[in-house]
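Along the sequence shown, the residues carry numbers beginning at 1.
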Amino acid sequence: MGNSVKKGKVVLADQNKVKSLSLYKAAVAAGDQYVKTPENRPVSMNGKGRNTQEQKKRKTQLRIQIQEYISNSDVVIFSKTTCENCSKVKNLFDELDVPYLAVEIDKTDSGLTIEEELYEYTMETALPNVFVKEKLIGGYDQVIQLSKDGLFQKLLEGKEDKPKVDTYDFDLIVIGGGSGGLAASKEAAKYGKKVLVLDYVIPSPVGTKWGLGGTCVNVGCIPKKLMHQAALLRQALKDSNKYGWQIEDNVQHNWERMTKSIQSQIRSLNWNYRVSLIQNHVEYENGFGEFVEAHKIKSTNPKGRVKYYTANTFLIATGERPRYPGIPGDKEYCITSDDLFSLPYCPGKTLVVGASYVALECAGFLAGLGLDVTVMVRSILLRGFDQEMANKIGEHMEEHGVKFIKEYVPAKIEQIEVGAPGRLKVTSQSADGKEIVEEYNTVLLAIGRDACTRKIGLDIPGVKINEKTGKIPVNDEEQTTVPYIYAIGDILENKIELTPVAIQAGRLLAQRLYGGSTVKCDYVTVPTTVFTPLEYGACGLSEENAIAKYGEDNIEVYHSYFWPLEWTVPERDSNKCYAKIICHIKDNERVVGFHVLSPNAGEITQGFAVAIKCGLTKEQLDSTIGIHPVCAEIFTTLTVTKRSGEDIVQGGC
Ligand code: FAD
Ligand code: NAP
């Protein structure tokens, strides 16, 4: 064909071009209908003689003509001049500087006829129909998606082996029905997308398993916070005496009753998740997902039944599972947070191994429930957090009966007696070779968590993981090294592992993929709370990191101890609560770090996090009138700088 296709220019299949292509004779108007729904799919203007020899001949001619178009340009757009989506697609190709041939069906003499034949050829119900390198890509949605995935170049170079888009079973398959996966799937379905979520829990080494919803609801935030609450109630019971309540001294805690109530609450949340997926038209399957082809996954259900599904786009949200140290007896005799919250018996004297969020929170509530608890710390408490705050947490826990063994790790665990709980002998070693042996009823390992990314066939589509950590590196749009595969939540490299972060990332991703949004997840200045007996809320930089970033002379630290009014009557924990803000002097004393040790620290921190996101300065804090008498008011009256060395102990209100 002598038809010239210029870069980024629409080339009409008008009379002249048609002639030069030997395809059509004269252009006639074909009306403004451009959507070919199954109901109004194009039919021949003249239905008569449909099956005649002539008709068949005409159909064959048209099919050849369509195929000629498709084979004579790398990019062919079957379009109508009146179609908005067609214009958008052509504009996109113009912007991408990709040459194309546009066949404007409404400007050909055989518009409807070619449209009818095109429908039978592509089975696409709407225009435009876009072909790249003779492969049908689809319509507007698919083109926009390919553009977002950055796949055009690959397609044009003929390197993309993507099957026909319209043959996929789903628009989106989400592997992992936890905080991130569920949020993303429901959001995607709101945009009319066909979404499948696979969720599967591999039982822990001692056999614990749970329902839909992932770590947070089953073995994380939810049961942890509820057990923390159970422990706080014991403290409240103690305090109540001074407030006039006559509580028996021998008040007992019933572990089984607590876990039963908490597990019942969790089951109702599992159920709510199922209902909400149904309400949002998200398909759910209790199956283990793994890639078997670039766009195909295998789902194996708990009974071993296998199904296969294909999708245009994938989201990996498989989360993490507790790590084991690989020492004798670890998997046989120890438990992790995966087991603790549904443990059918009280754990008794417990060794908690690890010194971060999970370890300190669990040690805190177990001790708060009245158990004998020891924490084995390999190096420091709460690595990555402000160390002044971390050490104050440790001191407070120690004052409340938690024992710490510092700079030791367990070397082997042996069973002395089977039971519920049984008795275990733990041999531990220090870095300099010293050994201690101690007996416990339970050993709770909380030494970190491993990303569930190594057994899901990521090498098949070619998703790169960090071989050492198993984490998935993504760009700022949560896109992996394979453009149509995304990842969110705990499995991401160098991102914060918190439920609201996974949820936010999932929702925003779906909005970008299907709702035309450009908003990305902001992983900076994420507030968090460690639910130790004395809660620790933080937002922004630790003091160490602020010094490293701005230099010691460029930051001002304001701080104060405080004593919650409610604690004064029972006369406990005087001046153990602590407030600290770190301000960047050269930036108008903007608050770059916020730290509080306090009851309800999470509730306090959440509000200040909003202010920090809005650029909170020290002056604005000073000009804010406090609420009296509450803990958070301390932040409106901070006057003492750390540099001054002045006394920060509070006398009264
Ligand atoms: P998850 O919620 O872990 O979900 C992943 C899901 O995918 C799981 O159901 C998993 O079984 C499933 N899965 C894995 N592989 C496959 C597969 N191949 N096929 C199908 N399904 C698969 N965060 C907070 O914000 N606040 C807290 O107070 C808090 N407390 C915590 C306490 C503990 C003890 C722990 C362990 C974590 C806590 N977290 C907390 C962290 C929070 O739970 C996680 O950040 C969050 O759950 C991560 O969500 P996700 O979607 O990435 O993964
Ligand atoms: P983590 O933050 O990775 O901490 C692991 C801890 O175990 C560290 O103290 C580490 O010590 C220690 N450790 C590692 N290997 C060890 C070994 N072989 N022997 C002894 N100790 C060892 O893990 P995590 O506490 O499980 O928390 C995981 C994530 O869950 C957190 O990052 C957090 O985002 C999330 N989480 C959040 C909350 C919350 O929001 N309240 C609560 C729980 C969990 P070193 O410092 O020496 O390495």
Would you check if there is a donor-acceptor pair between the side chains of [Y] and [X] at a distance under 3.5 Å?
X    : Y    : result
E438 : S428 : no
K186 : S276 : yes
Q235 : D239 : yes

What's the verdict on side chain to side chain contact (heavy atoms under 4.5 Å, CB included) for E535 and E603, showing C-alpha distance, side-chain angles and the deciding distance? CA-CA 10 Å; E535 293 177 14; E603 310 293 344; over 6 Å; no

Apply the side-chain hydrogen bond (donor to acceptor under 3.5 Å, both in side chains) test between H396 and each candidate in H400, K392, E399; give the one that qualifies. H400

What salt bridge (charged side-chain N to carboxylate O under 4.0 Å, His left out) pairs are there with at least one residue in residues 555-569, not counting sequence neighbours? E556-R643

Which pairs pass salt bridge (charged side-chain N to carboxylate O under 4.0 Å, His left out) with one or both residues in residues 504-518, sequence neighbours excluded? E187-R507, E477-R512, E478-R512

Below 4.5 Å, heavy atoms only, C-beta onward: do [X] and [Y] meet side chain to side chain?
X    : Y    : result
H628 : E633 : yes
T442 : L351 : no
K613 : T525 : no

List for me each residue that meets side-chain contact (heavy atoms from CB on, under 4.5 Å) alongside P527, sequence neighbours excluded, and say none if there are none.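 With sequence neighbours excluded, P527 shows a side-chain contact (heavy atoms from CB on, under 4.5 Å) to C539, T605, Q606, A609, given in chain and number order.
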
Which pairs, with at least one residue in residues 370-395 and sequence neighbours excluded, count as a ring-ring contact (aromatic ring centres under 6.0 Å, His included)?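 Listed by first then second residue: Y357-F385, F385-Y536.
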
Any Lys/Arg nitrogen of [X] or [Y] sitting under 4.0 Å from an Asp/Glu carboxylate oxygen of the other?
X    : Y    : value
D573 : K576 : no
D522 : K520 : no
K471 : E497 : yes

Side chain to side chain contact (heavy atoms under 4.5 Å, CB included) between D330 and L445, worked out: CA-CA 8 Å; D330 60 353; L445 298 172; 4.1 Å; yes

Nearest heavy-atom pair of [X] and [Y]: which atoms, and what distance?
X    : Y    : answer
S598 : I604 : OG-CD1, 3.5 Å
V219 : F341 : O-CE1, 3.4 Å
L444 : T350 : CB-CG2, 4.3 Å
D199 : G213 : OD2-N, 4.2 Å
A446 : V358 : CB-CG1, 3.9 Å
V426 : P410 : CG1-CB, 4.2 Å

Could you work out, with salt bridge (charged side-chain N to carboxylate O under 4.0 Å, His left out) as the rule, every residue matching E493, not counting sequence neighbours?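 With neighbours one apart ignored, the set is empty.
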
Can you list everything that forms a ring pair (Phe, Tyr, Trp, His ring centres under 6.0 Å) with Y273? Sequence neighbours excluded, please. none

Sequence neighbours excluded, the answer for ring pair (Phe, Tyr, Trp, His ring centres under 6.0 Å) partners of F608 is F594, F635

[X] [atom1] to [Y] [atom2] distance, which is reported to the nearest 0.5 Å:
X    : Y    : atom1 : atom2 : answer
N272 : I266 : CG    : CD1   : 12.5 Å
I555 : E589 : CD1   : CD    : 11.0 Å
S342 : I262 : OG    : CD1   : 10.5 Å

Go through the structure and list residues passing side chain to side chain donor-acceptor pair (under 3.5 Å) with [X], not counting sequence neighbours.
X    : answer
E543 : K580, K642
T336 : none
R234 : none
Y440 : none

Using atom types as modelled, flag every donor-acceptor pair under 3.5 Å from a side chain in residues 360-378 to any protein atom, sequence neighbours excluded.
{"unit_1": "E361", "atom_1": "OE1", "unit_2": "K224", "atom_2": "NZ", "d": "2.7"}
{"unit_1": "E361", "atom_1": "OE2", "unit_2": "K224", "atom_2": "NZ", "d": "3.3"}
{"unit_1": "E361", "atom_1": "OE2", "unit_2": "F531", "atom_2": "N", "d": "2.7"}
{"unit_1": "D372", "atom_1": "OD1", "unit_2": "K403", "atom_2": "NZ", "d": "2.8"}
{"unit_1": "D372", "atom_1": "OD2", "unit_2": "K403", "atom_2": "NZ", "d": "3.4"}

Apply side chain to side chain contact (heavy atoms under 4.5 Å, CB included) to L616 and R590, showing your working. CA-CA 6 Å; L616 178 71; R590 190 168 54 84; over 6 Å; no

Could you walk me through whether Q511 and Y191 pass side-chain hydrogen bond (donor to acceptor under 3.5 Å, both in side chains), step by step? CA-CA 8 Å; Q511 287 167 12; Y191 293 100; 4.8 Å; no

[X] atom [atom1]: more than 12 heavy-atom contacts under 6.0 Å:
X    : atom1 : result
E552 : CD    : no
E544 : CD    : yes
K412 : NZ    : no

For R321, the option from D339, D338, D450, D490 that meets salt bridge (charged side-chain N to carboxylate O under 4.0 Å, His left out): D338

Quickly, which of V630, T624, I625 forms a side-chain contact (heavy atoms from CB on, under 4.5 Å) with I627? Name it, please.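 Considering V630, T624, I625, a side-chain contact (heavy atoms from CB on, under 4.5 Å) with I627 is found only for V630.
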
